[in-house]
Amino acid sequence: MSIWLRIGDFAASISASATSGVADFAKALRTAFKNNQELRRKVAFSVAMIALSAKMAKADGVVTQDEIRAFQEIFVVPQHETRNVTRLYDIAQADVAGFESYAKTMAGLCGSGHRNCVMLEDILDGLFHIAKADGLLHEREDRFLHRIAEIFEIGEEHYQTILSRHVNLGDADPYVVLGIERGKPFTEVKKHYRWLVANNHPDKLIARGVPEEFIAIATTRIAAINAAYEMIERGLNPI
């Protein structure tokens, strides 16, 4: 069954008069999918992307057409399910609770409880994809995403690796993109690169709970990893 049908079920479980936003989201997720933790994680991932996208737009103050298109690249929503996604987005954006409350709640529902949780990294990657859509990562967006990473317990070094995948590669250190120390033998770089490609294959994301509808996250990540490796392989060094 499509994740969007599940999102529809979830949206329906939130009362029409819901006003407490993040509290309603958390309660509905725990109640609606209490007998299926795997499904709950998938729906929670989707809800986290929708809600935190809404909070990021509110923090930035402006929603550009580029950001809308980037949102749609990640969220391939059937026309008949658009209303449910819009409702969740509007509830999150209107909620007086800050984005930190949403991030903490969604981390508890989606995360493993360990530092540098890959599921939470997937959410952060999706938010970066939307934030950079207009060709720039604005200062307010960077602060927002950095704080999300702190709440998700994504370490600073790992955050810099994620960040570097989303800036113009001409300005990024390819070694940081790959998350490997500069000066390592090329054989180790190649081994690490192959591990990254295998570990970030769309099938891997789906296996850990990312809905199939969100594989654009894996596609953009792999593209950045490939570009960084090719830069190193050719002996180019932007620094």
Side-chain angles (χ1 to χ4, degrees), residues 1-14 18 21-56 70-93 95 99 101-130 145 148-149 151-154 162 198-222:
M1 181 180 291
S2 166
I3 192 66
W4 298 115
L5 293 177
R6 299 299 191 180
I7 292 291
D9 293 342
F10 170 72
S13 69
I14 300 177
V22 65
D24 286 310
F25 283 10
K27 180 180 179 181
L29 280 165
R30 292 191 176 99
T31 302
F33 307 105
K34 62 182 179 181
N35 296 321
N36 190 333
Q37 289 192 0
E38 181 181 351
L39 180 57
R40 188 184 75 180
R41 279 167 63 86
K42 287 185 177 182
V43 175
F45 175 92
S46 307
V47 171
M49 284 298 311
I50 295 167
L52 290 174
S53 294
K55 285 300 185 184
M56 183 167 65
F71 186 90
Q72 292 170 341
E73 286 173 7
I74 296 178
F75 298 90
V76 184
V77 186
Q79 187 64 36
H80 62 280
E81 294 294 341
T82 301
R83 181 171 59 89
N84 289 321
V85 174
T86 300
R87 179 162 182 257
L88 296 179
Y89 187 96
D90 289 345
I91 289 174
Q93 197 168 52
D95 187 8
F99 73 89
S101 296
Y102 275 79
K104 290 173 184 176
T105 299
M106 294 308 165
L109 290 166
C110 302
S112 63
H114 303 296
R115 288 182 62 81
N116 296 329
C117 168
V118 290
M119 188 85 160
L120 298 179
E121 179 182 342
D122 293 334
I123 294 172
L124 192 61
D125 245 346
L127 293 173
F128 263 109
H129 182 74
I130 296 168
L145 293 166
I148 292 289
I151 294 169
F152 283 178
E153 296 189 346
I154 293 174
I162 299 168
N199 200 51
N200 288 288
H201 188 278
D203 289 346
K204 285 280 189 177
L205 271 71
I206 292 169
R208 64 180 176 243
V210 177
E212 293 180 25
E213 290 83 354
F214 293 83
I215 59 171
I217 293 170
T219 303
T220 55
R221 184 182 299 168
I222 290 292

Rounded to the nearest 0.5 Å, what's the gap from [atom1] on [X] to [atom2] on [Y]? Could you check?
X: L124; Y: M119; atom1: CG; atom2: CE; value: 14.0 Å
X: I151; Y: S101; atom1: CD1; atom2: OG; value: 8.0 Å
X: L145; Y: F99; atom1: CG; atom2: CZ; value: 9.0 Å
X: I91; Y: T86; atom1: CD1; atom2: OG1; value: 11.0 Å
X: L205; Y: D122; atom1: CG; atom2: CG; value: 4.0 Å

*Report the residues that fulfil side-chain contact (heavy atoms from CB on, under 4.5 Å) with S112, sequence neighbours left out, ordered by chain and then residue number.*
H114, C117

*Check side-chain contact (heavy atoms from CB on, under 4.5 Å) between N116 and all other residues, then give those that pass, not counting sequence neighbours.*
I154, H158

_Residue pairs passing the ring pair (Phe, Tyr, Trp, His ring centres under 6.0 Å) test where at least one lies in residues 35-56, sequence neighbours excluded_ = F45-F214

*Considering only heavy atoms from C-beta outward, does the side chain of H129 approach that of D125 to under 4.5 Å?*
no

Could you tell me which non-hydrogen atom of [X] sits nearest to which non-hydrogen atom of [Y], and how far apart they are?
X: L109; Y: A44; result: CB-CB, 4.0 Å
X: L52; Y: A103; result: CD2-N, 4.0 Å
X: M106; Y: V47; result: CE-CG1, 3.7 Å
X: I123; Y: M49; result: O-SD, 3.4 Å

_Suppose the criterion is salt bridge (charged side-chain N to carboxylate O under 4.0 Å, His left out): which pairs have a residue in residues 111-121, not counting sequence neighbours?_
E121-R165

*For N200, the option from T219, I222, V118 that meets side-chain contact (heavy atoms from CB on, under 4.5 Å)*: I222

_Please enumerate all residues that pass ring-ring contact (aromatic ring centres under 6.0 Å, His included) together with F152, with sequence neighbours excluded._
none

*May I have the step-by-step check of side-chain contact (heavy atoms from CB on, under 4.5 Å) for L120 and E153, ending in yes or no?*
CA-CA 9 Å; L120 298 179; E153 296 189 346; over 6 Å; no

